[in-house]
Amino acid sequence: MRFQTGTDDNPGEELAAVPVDEALEAFDFRRAATAVWALVEEANRYVERTRPWQRSRAGQEAAMGTLVHACRTLAVQLEPFLPTAAARVAAAVAGERLPRPEPLFRRLATAGVAG
């Protein structure tokens with residue numbers, strides 16, 4: 001399973017769904033969970049490969065769109081195993097835009113870093 005940047009038809013969802021669905025139909029929960037975890041690992045590799053923080057704004061938006069798609073796919077595939085966590089993931093990426101991130105260290109963010 002490979003995520004493509006800048007395309008509307010991302011194969012991640014289809015490739016993730018097939019092994020999970022087949023495994024669940026066979027009541028092979030270990031294989032289904034392995035397929036879900038493979039989606040997570042591929043998303044992590046995608047971030048490492050594309051390095052969205054080093055791209056132009058358009059490149060960042062394309063990469064983030066792909067990652068939001070991966071998170072939506074993950075929410076669907078997680079639902080049989082962890083329904084509460086799946087709902088939280090789905091809710092986090094439900095809007096068209098992600099919420100503005102909160103600073104990790106508010107004091108440094110508001111005061112600035114002394115040099």
Side-chain angles (χ1 to χ4, degrees):
M1 132 187 33
R2 292 277 178 232
F3 296 110
Q4 303 297 321
T5 128
T7 63
D8 287 336
D9 66 337
N10 186 325
E13 183 171 357
E14 293 79 16
L15 290 172
V18 171
V20 173
D21 291 345
E22 288 175 356
L24 289 175
E25 286 177 15
F27 295 100
D28 188 345
F29 300 113
R30 181 174 292 185
R31 191 175 76 185
T34 299
V36 170
W37 193 248
L39 175 64
V40 172
E41 289 174 337
E42 181 58 31
N44 284 335
R45 283 191 296 273
Y46 175 80
V47 170
E48 291 171 8
R49 256 190 338 268
T50 60
R51 298 179 181 267
W53 59 89
Q54 293 179 342
R55 293 176 168 250
S56 67
R57 183 167 181 90
Q60 288 174 353
E61 289 175 3
M64 295 308 291
T66 299
L67 291 170
V68 166
H69 178 75
C71 288
R72 287 181 179 144
T73 302
L74 179 64
V76 170
Q77 300 304 321
L78 270 179
E79 207 277 328
F81 305 101
L82 301 166
T84 304
R88 287 177 43 212
V89 170
V93 293
E96 291 183 21
R97 296 191 65 101
L98 293 175
R100 185 172 192 91
E102 293 289 325
L104 185 57
F105 301 105
R106 286 186 182 266
R107 187 169 148 214
L108 293 176
T110 58
V113 178

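Residue numbers count from 1 along this sequence. Below, all heavy atoms of this structure are taken into account, side chains as well, without hydrogens, waters or symmetry copies. These numbers come from a predicted model, not from an experiment.
- Taking all atoms of both residues into account, the shortest heavy-atom contact from A63 to P52 is CB-CB, 3.8 Å.
- Going from atom CZ of R88 over to atom CG of L78 covers 11.0 Å, rounded to the nearest 0.5 Å.
- Note that NE2 of H69 is 9.0 Å distant from CZ of R72, once rounded to the nearest 0.5 Å.
- The one candidate from V47, N44, V93 that meets the side-chain contact (heavy atoms from CB on, under 4.5 Å) condition with L67 is V47.
- Put simply, CD on E79 and OG1 on T84 are 9.5 Å apart, with the number rounded to the nearest 0.5 Å.
- Using a 4.5 Å cut-off between side-chain heavy atoms of Ile, Leu, Val, Met, Phe, Trp and Tyr, with links allowed through other members, Y46 and M64 fall into the same hydrophobic cluster.
- Residues satisfying the side chain to side chain contact (heavy atoms under 4.5 Å, CB included) criterion with Q60, sequence neighbours excluded, are R55.
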Expected list for residues 27-39: side-chain donor-acceptor pairs under 3.5 angstrom, two or more places apart:
{"residue": "D28", "atom": "OD1", "partner": "R31", "partner atom": "N", "Å": "3.1"}
{"residue": "R31", "atom": "NH2", "partner": "E22", "partner atom": "O", "Å": "3.4"}
{"residue": "T34", "atom": "OG1", "partner": "R30", "partner atom": "O", "Å": "2.9"}
{"residue": "W37", "atom": "NE1", "partner": "E41", "partner atom": "OE2", "Å": "2.9"}

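- A salt bridge between R45 and E42 is present, with a side-chain N of the basic residue lying under 4.0 Å from a carboxylate O of the acidic one.
- The side chain to side chain contact (heavy atoms under 4.5 Å, CB included) test applied to P80 returns L24, not counting sequence neighbours.
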